[in-house]
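Scroll down for the structure; my scribbles are underneath it.
Labels below follow one simple rule: chain letters A, B, ... track the order of the sequence lines, proteins then strands, and each chain is numbered from 1.
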Amino acid sequence: MFNRELKKGSTELLILALLEARPRHGYEICKLIESRSGGRLSFRVGSLYPILCRLEDKGLIVGRWVEKPGERRRRFYRLTAPGRATLAQQRSVWDDFISAVNQVVGGEHA
Amino acid sequence: MPDWEQFVRKNLRLTSVEPERETEIVQELAQQIDDAYRDALRRSLSEQEAARFAGRQVTDWNALARELASSPRGAVPPLRRWEDRAGSAAGKQMRWSWIAGAGRDVLFALRMMRKNPSFTMIAVLTLALGIGANSAIFSVVNGVMLRPLPYPDAGRLVLMLENSRNQARLETFSVSWQDYLDWRQQQRSFDAMGVFRNEIFILTGADQPERLSGAFAAADVFRAAAIRPLLGRAFTPEEDQPGASQVVTLSERLWRNRFNAAPGIVGRAITLDGANYTVIGVMPDGMRLPSRLTDLWVPLGLYVNRMPSSRDNHPGLMVVARLKHHVTHEQARAEMDTIAQRLARQFPDTNSMTGVEMTTLYESVVSNIRGVLLALLAAVGFVLLIACVNLANMTLARGEARLREFAVRSALGAARSRLVRQLLTESLLLSGLGAALGVALAWLALKALVSSHPATIPRLDQIRIDLQVLGFSCLVALLVALVFGLWPALRITSRKGMVSLADLTPTASRRSRLRPILVMAEVGLAMVLLVGASLMMRTFSSLTRIELGFRPEHVVTMRLNLPARNYSQAQWEAFYRGLLARVAALPGVQAEGISSLTPLGGGGAESGIFPEGTPLDPNNPGPGCTHGTISGGYFTAMGIELLKGRTFTDRDSADSPRVIVVDEAAARLFWPGQDPIGRRVAFEFRGQTIQDPQPQWREVVGVVRSVRHYDLTTPNSRVQVYVPYGQPAIWFETPPTMSLMVRTGMESSSLVSSVRREVTAIDPALPVFAIHTMTDYVDGALEQPRLSMAVMIVFGGLALVLAAVGIYGVLSYSVSQRTREIGVRMALGASRADVLRLILRQGAMVSLAGVAIGAAVSLAAMRLIRDLLYGVSPTDALTYLVVPLVLLAVALTATLIPARRATKIDPLRALRHE
């Protein structure tokens, strides 16, 4: 629905935001992105996973194998302190960006 | 459910990622794809659709791999990546590959071996000797002891004899005919129970008359052996009965050698002892009852009527039987004991003391040689251990010299496991080469052994290098590589062993406390082997100095067997009287005689003997005697000393009083302190029962020296008596095979041909066989001890050399490491003599400690070979005095060379290294 470039630039933000509330595993992140965007955004495992790796490399999130009772072993990712800071910063940058874009695009109504 | 891990592994081609990281990635991707799959199932998609949905979670595997590879986490260091790619034959496509890595290790190891040829040569040679000696001894053990006998399910075959249950003196003898019949009828433990007896046959008709060793055998002998004939058939139960037709079964060997493997042999007639026999079958080489030398078998039925009627007579019968499948040896033994006890109650006169002696066929074949083989196996294991210690030492020393190389590689990112693998590859390669050369050496040694035809090693033809032996050698090589490779490798690459590059100055001196301990162990092991060799040598020397009772030098013997059907007793006597006269007339003959027994060569017969005046009590049958039928000249020809009285003359004939000559042991036993001449003894009985024995008394006319008759080391358990051939002992069925003994100053071959001419002049159909000098028989009796001694000397010598090399290696290494220290000492005023003493003391300490350890181990170990020793105690003082001296002398020599080098150190130059 949205083009690739747009999606790619925002994915890191999406992931960090989804991990803000609590740790989640990979496929759960895919599903949440899809359901919360009302199906307009969707990711496959193959494209999300390298981004998770990259975020982990940067130290923004950290993954851990967890075995919950009654469930299979999964790798859960949680936000680190630098991740939380980055999320806050990106969120404000994003907000600024959106409002700036809106100002330009919807100029007549402002 | 699909295996997503495998799915990921198949599609994702990761390069330059550490294996651990790769596993992690694969697992997580699989987990996520699996989540997608389950999710799809929950949304009530079909399994197939769900799988397709999950499979589409990754669309571009190559892009994914690229992205993952750009992550710094788990990436292979650049240098290693280059190494891997360089070593990988398949280049980029190949992932981390063990095989390629191993190939690279081998190449590197080969380069190291080429760079250091003297190390390589010494190592490979040491290993070749160690592994070769082990392979050779193992192939003998394998052929003689481990390989099953050539019969199907051979473990179920047993041999049976009878024994005297008199506990005081356990004697084994052949089975009585009546006892065999009762056993066979009463037993329930065996599928088949057959009886056989050795027989000698003379084959005539073609070229030279030929003496063949044969056997008469019951049909059950072949049933028990479970061997199918190669051609024709074996015997039937009908042929066990009287009136069987004159048939014969040939051995494969006889059929091939004598009848050129004629396919039409079955049905042909051959002439044995002058009678016609029809060949009904050919038995394959595997049929070795009574022995592997048996040429032919004739049916039992031809002999049944001639069996002795007395149960007390034991006419050389042996019983072979095959256990039923569900019956154990113990059960069978118990049953046979019960039967024997029943017979003892039933026939108290003859059987009250008779038991059954049951052994497995295997046991009867190997029991004589087992002790020797196990001792040699242990000895050769020690040699290998010494070789290993030496190599471990060399590897350690070289490893220390290569510390710089390891430090550099470690600094460049090589893991410890890689360095260990490299070192292990080098030792595996060395031991592999050593094993290959060793097997070649073993092959040569075995060829020499087998071609020397030692008669004392059973199943000689089974000894060869086969897959089992090769497998053994490979296993030994592998173990050796682990022992001398892995352990030093772990040591060298350990955190303690590794040094940083900065520490590696050329003068850095690192003293290892371990290596002297290794040398100590080596000296100890060498000591054990040398003690063994020395005891064997002392044994052999005792054996050669045994009082034989006869003088074997310059005596030629040959055997003659007159067929009973052609010779009556009178004709038999006449033949020998004529022959002795003709031989006496030959030039060069100093003395001549005939005898039914040959000392150390067999023959003779045994029975109980009673001096007049003692009761003939079957429960106390008195001493046994070995009796021989001889001519008067026998004693002179053999050099047996006549101590008292006279020998036999031509006047001792059937018409004159019956006479006997006894040996000194009999005289001492029966008439201690009295004159035996004129006394009477009996060993022949015409009666059938003990109530009416009808002893045949003979008067003692002479006393001679006792002779070692059966073997060198067993003191005679029976006394020896001799009767004149004019009054021969009562014989069973056929007259005894006689040996002609000629003492001569001549060369034996020309004498033999002139004797043969004289025999042919009397009876052209008579073969002369078993032509030997008496020295041959003595040598034969010495063969096994000589062989064990020779092998032990070789092993001992090998151990000595290896130990010397070990001491030399450790001390020269130590001297080179202590160059600076010695330089300082000399600069501070130490004389050359002081330095020499310093190094010598170090060598002496190690050697003395080794000798002490070795002495302790030897004292324990030599107890185990007590049975192989003769005339020397396992704690022989001379051995324990001389061996350490020899060992110390060799050790000192090995020490002297590095010690002299130490004294030549120039203090100035040594210090300038600083």
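- When heavy atoms are compared at a cutoff of 4.5 Å, Leu52(A) approaches chain B solely by way of its side chain, counted from C-beta outward.
- With respect to Glu56(A) and Arg75(A), a salt bridge is recorded, a charged nitrogen being found less than 4.0 Å from a carboxylate O.
- By the neighbour-count criterion of 12 heavy atoms within 6.0 Å, atom CZ of Arg64(A) is sparsely surrounded, having that number or fewer from other residues, nucleotides or ligands.
- Between Cys53(A) and Leu68(B) the shortest side-chain heavy-atom distance falls below 4.5 Å.
- Here CZ of Arg66(B) is found 14.5 Å from CZ of Arg13(B). Values are rounded to the nearest 0.5 Å.
- There is no side-chain donor-acceptor pair under 3.5 Å between Gln31(B) and Gln27(B).
- Looking at Arg38(B), the atoms closer than 4.5 Å to chain A (heavy atoms on both sides) all sit in the side chain, from C-beta outward.
- In this structure, Glu67(B) pairs ionically with Arg54(A), as a charged nitrogen and a carboxylate oxygen lie closer than 4.0 Å.
- A salt bridge links Asp35(B) to Arg74(A): one of the charged nitrogens lies within less than 4.0 Å of a carboxylate oxygen.
- Lys31(A) contributes atom NZ, which lies 13.0 Å from atom CZ of Arg36(A) (distance to the nearest 0.5 angstrom).
- Salt bridge status for Glu12(A) with Lys58(A): present, with a side-chain N to carboxylate O gap under 4.0 Å.
- We find that Arg91(A) and Asp95(A) are not joined by a salt bridge, their nearest charged nitrogen and carboxylate oxygen being 4.0 Å or further apart.
- Interface summary for chain A: among Arg56(B), Glu24(B), Gln57(B), the most heavy-atom pairs under 4.5 angstrom belong to Gln57(B).
- Identified by a heavy-atom distance below 4.5 Å to chain B, the contributing residues of residues 77-87 of chain A are Tyr77(A), in residue-number order.
- Residues Ala481(B) and Leu424(B) share a closest heavy-atom pair of O-CD1, 4.3 Å.
- Taking 4.5 Å as the heavy-atom cut-off, the residues of residues 15-28 of chain A that approach chain B are His25(A), Gly26(A), Tyr27(A), ordered by number.
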